[in-house]
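Step one of this worksheet: look at the structure below.
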Amino acid sequence: AAGTGVAVREVACLANCKAGLSAAIFRRGCWAYVFGGLGIASGSDLVAGARLFAGSEDGFLPWRGRPEALKRGLVARIPHPDMLEDFE
């Protein structure tokens with residue numbers, strides 16, 4: 001993702017073993033997205049998806065324009081913890 005404005009962090013495990021290679025896309029204060037069934041070549045799709053997400057005005061990853069690997073590989077969409085402040 002060098003030169004794209006997208007930060008990449010390696011984590012030990014997303015506990016999504018049955019879905020193969022997995023990745024998550026986060027944006028501060030917005031929903032997070034987890035994808036599975038990714039191939040080695042999906043890195044460019046993840047960068048494209050992250051850039052699309054960064055440009056969204058409503059804090060959601062738009063369906064339109066989303067790379068195919070991120071359409072069929074969506075595992076979960078998770079609310080940002082700040083969205084749950086009043087939840088007890």
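Side chains are part of it too, since the values below use all heavy atoms of this structure and drop only hydrogens, waters and symmetry mates. In this chain, numbering begins with 1 at the start of the sequence shown.
Annotation: side-chain contact (heavy atoms from CB on, under 4.5 Å) contacts of E68 (sequence neighbours excluded): K71, R72.
A continuous path of ILVMFWY side-chain contacts below 4.5 Å connects F60 to L74, so both sit in one hydrophobic cluster. Grouping the Ile, Leu, Val, Met, Phe, Trp and Tyr side chains by contacts below 4.5 angstrom, directly or via other members, places V6 apart from L21.
Contact between L38 and A69 at its shortest, heavy atoms only, is CD2-O, 4.1 Å. Residue R9 comes nearest to A7 through the heavy atom pair NH1-CB, 3.5 Å, listed as atom of the first residue, atom of the second, then distance.
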Could you list the donor-acceptor pairs under 3.5 angstrom formed by side chains in residues 28-37, with sequence neighbours left out?
from	atom 1	to	atom 2	distance (Å)
Y33	OH	L61	N	2.9

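Remark: side-chain polar atoms of R51 are not paired, donor with acceptor, to backbone N or O of V47 under 3.5 angstrom.
Rounding to the nearest 0.5 angstrom, the gap separating the CG atom in L52 from the CG atom in L70 is 9.0 Å. Separating the OG atom in S22 from the CG atom in N16 is a distance of 3.5 Å, to the nearest 0.5 Å.
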